[in-house]
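Data block below; observations after.
In each ligand, atom 1 is the first atom listed, and ligand 1 is the first ligand listed. In what follows, every heavy atom counts, from backbone to side chain, and hydrogens, waters and symmetry copies are set aside.
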Amino acid sequence: MMNKIEHLGIAVKDIESSIYLYEKLLGTSCYKKEEVASEGVITAFFKTSENKIELLGATNPESPIAKFIDKKGEGIHHIAFDVDDIYAEMERLKNEGFQLINEKPKDGADNKLICFLHPKGTNGVLIELCQEKK
Ligand code: ZN
């Protein structure tokens with residue numbers, strides 16, 4: 001079972017100017033900026049009340065974020081759901097016929113284990129599962 005939406009991921013061209021923009025928009029400071037080198041992204045996180053926003057900027061032209069922006073432009077990139085047990089949830093979804101992009105959970109930003117579902121099987125929406133690392 002999936003819990004609440006953990007965060008929304010937004011693909012941006014320029015992470016620095018976008019951090020500035022979202023700080024103004026949300027009226028709060030970015031609380032964490034973290035590079036995920038394996039994905040070629042820099043992430044920046046914001047919290048408003050219960051909500052969390054993750055900005056994603058590419059660090060190289062081969063990054064999935066760079067490719068996403070080339071194809072679709074800037075905007076909402078993924079919806080992440082919090083799960084208690086990512087292994088069990090991946091197994092459940094596989095058995096339901098969903099296509100997982102990652103065979104095994106991998107390290108994500110903000111102390112999470114993560115896995116993505118292929119958007120082809122979810123009406124074009126990239127879904128991320130994330131479990132807080134214990
Ligand atoms: Zn995310």
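Seen from the ring of Phe46, Lys52 does not count as a face-on cation partner, given the 6.0 Å and 45° thresholds.
Checking Glu128 against the Zn ion (ligand 1), an N/O/S atom falls under the 2.8 Å cut-off. When distances to the Zn ion (ligand 1) are checked against a cut-off of 2.8 Å, His77 contributes no N, O or S atom below that limit. Counting backbone and side-chain atoms alike, His7 contributes an N/O/S atom closer than 2.8 Å to the Zn ion (ligand 1).
Salt-bridge annotation for Asp107 and Lys112: absent, with no side-chain N of the basic residue lying under 4.0 Å from a carboxylate O of the acidic one.
In terms of heavy-atom proximity, Pro105 sits nearest to Met90 at CG-SD, 3.7 Å. Considering all non-hydrogen atoms of both residues, His7 and Cys130 come closest at CE1-SG, 4.2 Å.
Take the N/O/S atoms of Glu54: the one nearest the Zn ion (ligand 1) is OE1.
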